[in-house]
Trainee: 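After the structure tokens below, expect a handful of questions from me.
Starting from 1, each residue takes its place in the sequence as its number.
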Amino acid sequence: MADIKPFACIRPTENMASVIAALPYDVYNRADAKEEVKKHPDSFLAIDRAETQFDDSVDTYDDRVYQKAAELFREWLSQGKFIRDNQPCYYLYELTMDGRVQTGIVACASIDDYQNSIIKKHENTRADKEVDRIRHVDSLSAQTGPIFLAYRANPVIREIVQKTKTQAPLYDFCAEDMITHRAWKIDSENDIFAIKLAFKNMNEIYIADGHHRAASAVKVGLKRREQNPDYDGTEEFNYFLSVLFPDDELMIMDYNRVVKDLNGMTPDAFLAKVKELFSVTELPEAAHPTQKGNFTMFLDRKWYSCQMSDCDQDDPVAGLDVSVLQEKLLQPVLGIGDPKTDQRIDFVGGIRGLKELERRVMTDCAVAFAMYPTAIAELFAVADAGKLMPPKSTWFEPKLRSGLFIHEI
């Protein structure tokens, strides 16, 4: 029984939405974030990464950074860049990339559902990565970057979404990366009741992306509970900002691997090892893998198609392509013991294409592996089993923008 509730949103005015909407804070390093804010001073990145307001002598996690984020947020509110809706609503958030459309329900999810695993995770989180967002949310008393959740498609929600989209949108703009963003408000009492009930009848909601943001938001909520021992559960700090997408609209892109050396082997010797483990065919040109159990490899200026034979295992983690590659090749042959910490392996999101894999092998790596994308059903199966995905198993596109929907706690 998932508790997914409407909320009174703080959101940009219509003329400011396209200017304020920003890619997530964690897709930038400090230098890139600073350059982006210099070019776009009204980007929400200025608040999400407030160290951009200081010179490099100020540490990213200095107290002044979080104070500045809160100060900017209050300033932008007072300047009228945002409006506050006066009643709890659901919202629709539609993203279109390369003609493919996905539409999510913007709402607030319960921290208790997260604690009780109704909202299911497939990644561990690191406490050091949580601290920054805990301090950010706590300083602003607001959640500004939504958690990307997924649910099994529901006909009631789909019908309301389709009906709502016949109305004029709140926002409709195309960002610099050619992703189109549109949003609508759902304020009908009947529709709100129907959506809330539809989610209440679901026993599983899944974190698709944003595990650290979710963990941070939950920890702020638990902290507020300690500070308010008479809380009754209805307070906004008991919930965290989310966008929930139906599984049949989501696309997971490949998350590829590059390794910096061949563990002392020549390319020919390594290729011979690969042929002992997989069915290998040389390709005339660069190509993506064609199905589950297939990966392509760039080695010594040549592309190869490699077919696995044991991806249909009962264990949902062991049967993942990335798991088979790790257990059969990366660990025993290339000596990559822990891909989370080994400095000899790197990961390249599928959005960057095969050319990036070729570039890496021609510059600082010895071999690249292009993976077939993990399916959303595989992600669900891992989460349902209470297990964890291997690191860098999924790459979701497009990314949700920050600053479009804000939840005050």
Trainee: Would you check if the side chain of Asp342 reaches a backbone N or O of Asp338 as a donor-acceptor pair within less than 3.5 Å?
Mentor: no
Trainee: Can you run down the ring pair (Phe, Tyr, Trp, His ring centres under 6.0 Å) pairs that involve residues 178-205, sequence neighbours left out, and say none if there aren't any?
Mentor: Tyr93-His181, Tyr151-Phe199, Phe173-His181
Trainee: Please walk me through it: do Phe278 and Phe295 pass ring pair (Phe, Tyr, Trp, His ring centres under 6.0 Å)?
Mentor: CA-CA 10 Å; Phe278 309 107; Phe295 67 92; 5.2 Å; yes
Trainee: Has Asp128 got more than 12 heavy atoms of other residues, nucleotides or ligands less than 6.0 Å from its CG?
Mentor: yes
Trainee: Between Ile179 and Thr96, does the side chain to side chain contact (heavy atoms under 4.5 Å, CB included) criterion hold? Intermediate values first, please.
Mentor: CA-CA 6 Å; Ile179 308 297; Thr96 303; over 6 Å; no
Trainee: Should we count NZ of Lys387 as having more than 12 external heavy atoms under 6.0 Å?
Mentor: no
Trainee: Please step through side chain to side chain contact (heavy atoms under 4.5 Å, CB included) for the pair Val220 and Ile409, ending with a clear verdict.
Mentor: CA-CA 10 Å; Val220 173; Ile409 62 171; 3.7 Å; yes
Trainee: Is it true that, when you exclude Arg352 itself, more than 12 heavy atoms of the residues, nucleotides or ligands shown sit nearer than 6.0 Å to its CZ?
Mentor: no
Trainee: Is a donor on one side and an acceptor on the other found under 3.5 Å between the side chain of Asp300 and the backbone of Pro267?
Mentor: no
Trainee: Say you draw a straight line from CZ of Phe405 to SG of Cys108; how long is it, rounded to the nearest 0.5 Å?
Mentor: 11.5 Å
Trainee: Once rounded to the nearest 0.5 Å, what's the spacing between atom OG of Ser188 and atom CD1 of Ile160?
Mentor: 8.0 Å
Trainee: How many angstroms lie between atom CG of Leu320 and atom CE of Met371, to the nearest 0.5 angstrom?
Mentor: 9.5 Å
Trainee: Do the non-hydrogen side-chain atoms of Phe369 and Val367 ever get within less than 4.5 Å of each other?
Mentor: yes
Trainee: So do Trp303 and Leu354 actually touch side chain to side chain, heavy atoms under 4.5 Å?
Mentor: yes
Trainee: Among all residues two or more places apart in sequence or in another chain, which pass the side-chain contact (heavy atoms from CB on, under 4.5 Å) test with Val333?
Mentor: Met265, Phe270, Lys273, Leu277, Leu329
Trainee: Taking Arg257 for its side chain and Leu325 for its backbone only, find out whether a donor-acceptor pair lies under 3.5 Å.
Mentor: no
Trainee: Between Lys275 and Asp268, does any NZ, NE, NH1 or NH2 come within less than 4.0 Å of an OD or OE carboxylate oxygen?
Mentor: no
Trainee: How about Thr125 and Glu130: does a side-chain donor come under 3.5 Å of a side-chain acceptor?
Mentor: yes
Trainee: Does Asp113 offer a backbone N or O that forms a donor-acceptor pair with the side chain of Ser110 under 3.5 Å?
Mentor: yes
Trainee: Does Glu226 pair with Lys223 as a salt bridge, N-O distance under 4.0 Å?
Mentor: no
Trainee: What donor-acceptor contacts under 3.5 angstrom involve side-chain atoms of residues 39-52, with partners at least two apart or in another chain?
Mentor:
unit_1 : atom_1 : unit_2 : atom_2 : d
His40  : NE2    : Glu176 : OE2    : 3.1
Asp42  : OD1    : Lys81  : NZ     : 2.8
Ser43  : OG     : Leu45  : N      : 3.1
Asp48  : OD1    : Thr144 : OG1    : 3.2
Asp48  : OD2    : Ser402 : OG     : 3.4
Arg49  : NE     : Glu51  : OE2    : 2.5
Arg49  : NH1    : Tyr25  : O      : 2.8
Arg49  : NH1    : Tyr28  : O      : 2.9
Arg49  : NH2    : Glu51  : OE2    : 3.0
Thr52  : OG1    : Arg49  : O      : 2.8

Trainee: Look at the rings of Phe148 and Phe396 and say which category their plane angle falls in: under 30° parallel, 30 to 60° tilted, over 60° perpendicular.
Mentor: tilted
Trainee: May I ask you to check whether over 12 heavy atoms, not counting those of Glu282, lie within 6.0 Å of atom CD?
Mentor: yes
Trainee: Does a side-chain heavy-atom distance below 4.5 Å link Thr60 with Val65?
Mentor: no
Trainee: Considering non-hydrogen atoms only, spot the tightest contact between Pro398 and Leu95 and give its length.
Mentor: CG-CB, 3.7 Å
Trainee: Is there a side-chain contact between Trp395 and Ile351 in this structure, where contact means two heavy atoms from C-beta onward sitting under 4.5 Å apart?
Mentor: yes
Trainee: Working to the nearest 0.5 Å, report the span between CG of Leu241 and CG of Leu404.
Mentor: 10.5 Å
Trainee: Under 3.5 Å, is there a donor on one side chain and an acceptor on the other for Asp247 and Tyr206?
Mentor: no
Trainee: Can you find a pair of side-chain heavy atoms, one from Val348 and one from Leu357, that are under 4.5 Å apart?
Mentor: yes
Trainee: Checking side-chain polar atoms at under 3.5 Å, does Thr164 have a donor or acceptor matched by the opposite partner on Asp191?
Mentor: no
Trainee: State plainly whether the residues Asp63 and Arg135 are in salt-bridge range, i.e. N to O under 4.0 Å.
Mentor: yes
Trainee: Do other residues, nucleotides or ligands put more than 12 heavy atoms under 6.0 Å from Gln87 CD?
Mentor: yes
Trainee: For Arg133, is there an ion pair with Asp26 - N to carboxylate O distance below 4.0 angstrom?
Mentor: no
Trainee: Assess whether a salt bridge exists between Glu408 and Arg84, defined as any Lys/Arg side-chain N lying under 4.0 Å from an Asp/Glu carboxylate O.
Mentor: yes
Trainee: Answer whether the closest heavy-atom distance between the side chains of Leu170 and Tyr91 falls below 4.5 Å.
Mentor: yes
Trainee: Tell me if the NZ atom of Lys392 is crowded by more than 12 foreign heavy atoms within 6.0 Å.
Mentor: no
Trainee: Below 4.0 angstrom, N of the basic side chain to O of the carboxylate: do Asp248 and Arg152 qualify?
Mentor: no
Trainee: Kindly indicate whether the side chain of Arg182, heavy atoms from C-beta on, has any atom under 4.5 Å from the side chain of Leu92.
Mentor: no
Trainee: Looking at side-chain heavy atoms only, is the closest gap between Val317 and Pro390 below 4.5 Å?
Mentor: yes
Trainee: Where is the tightest heavy-atom contact between Tyr90 and Ile192, given as atom of each residue plus distance?
Mentor: CE1-O, 3.5 Å
Trainee: Calculate, to the nearest 0.5 Å, the distance between atoms CG and CG belonging to Leu334 and Asp261 respectively.
Mentor: 7.5 Å
Trainee: Between the main-chain N or O of Leu72 and the side-chain N or O of Gln53, is there a donor-acceptor pair closer than 3.5 Å?
Mentor: no
Trainee: Tell me whether Arg224 is salt-bridged to Glu235, with the criterion being a basic N under 4.0 Å from an acidic carboxylate O.
Mentor: no
Trainee: Could you walk me through whether Met389 and Thr394 satisfy the side chain to side chain contact (heavy atoms under 4.5 Å, CB included) test, starting with their C-alpha distance in whole Å, then the side-chain angles of each, then the deciding distance to 0.1 Å, before giving a yes or no?
Mentor: CA-CA 9 Å; Met389 307 271 282; Thr394 57; 3.7 Å; yes
Trainee: Can Lys260 and Asp346 be counted as an ion pair, charged N to O under 4.0 angstrom?
Mentor: no
Trainee: Determine whether Ile205 and Lys120 satisfy the following criterion, side chain to side chain contact (heavy atoms under 4.5 Å, CB included), listing intermediate values before the conclusion.
Mentor: CA-CA 6 Å; Ile205 303 288; Lys120 299 192 173 201; over 6 Å; no
Trainee: What are the two closest heavy atoms between Gln331 and Gly337, and how far apart are they?
Mentor: CG-CA, 4.1 Å
Trainee: Decide whether Gln102 and Arg100 meet the rule of one side-chain donor and one side-chain acceptor closer than 3.5 Å.
Mentor: yes
Trainee: Pair Lys5, Glu236 - check salt bridge (Lys or Arg N to Asp or Glu O under 4.0 Å), show working.
Mentor: CA-CA 10 Å; Lys5 80 176 193 75; Glu236 293 300 326; 3.0 Å; yes
Trainee: Measure from the side-chain N and O atoms of Arg213 to the backbone N and O of His211, and report whether any donor-acceptor pair falls under 3.5 Å.
Mentor: no
Trainee: Are Asn15 and Thr13 linked by a side-chain donor-acceptor pair shorter than 3.5 Å?
Mentor: yes
Trainee: Are any of the side-chain nitrogens in Asp112 or Arg225 under 4.0 Å away from the carboxylate oxygens of its partner?
Mentor: yes
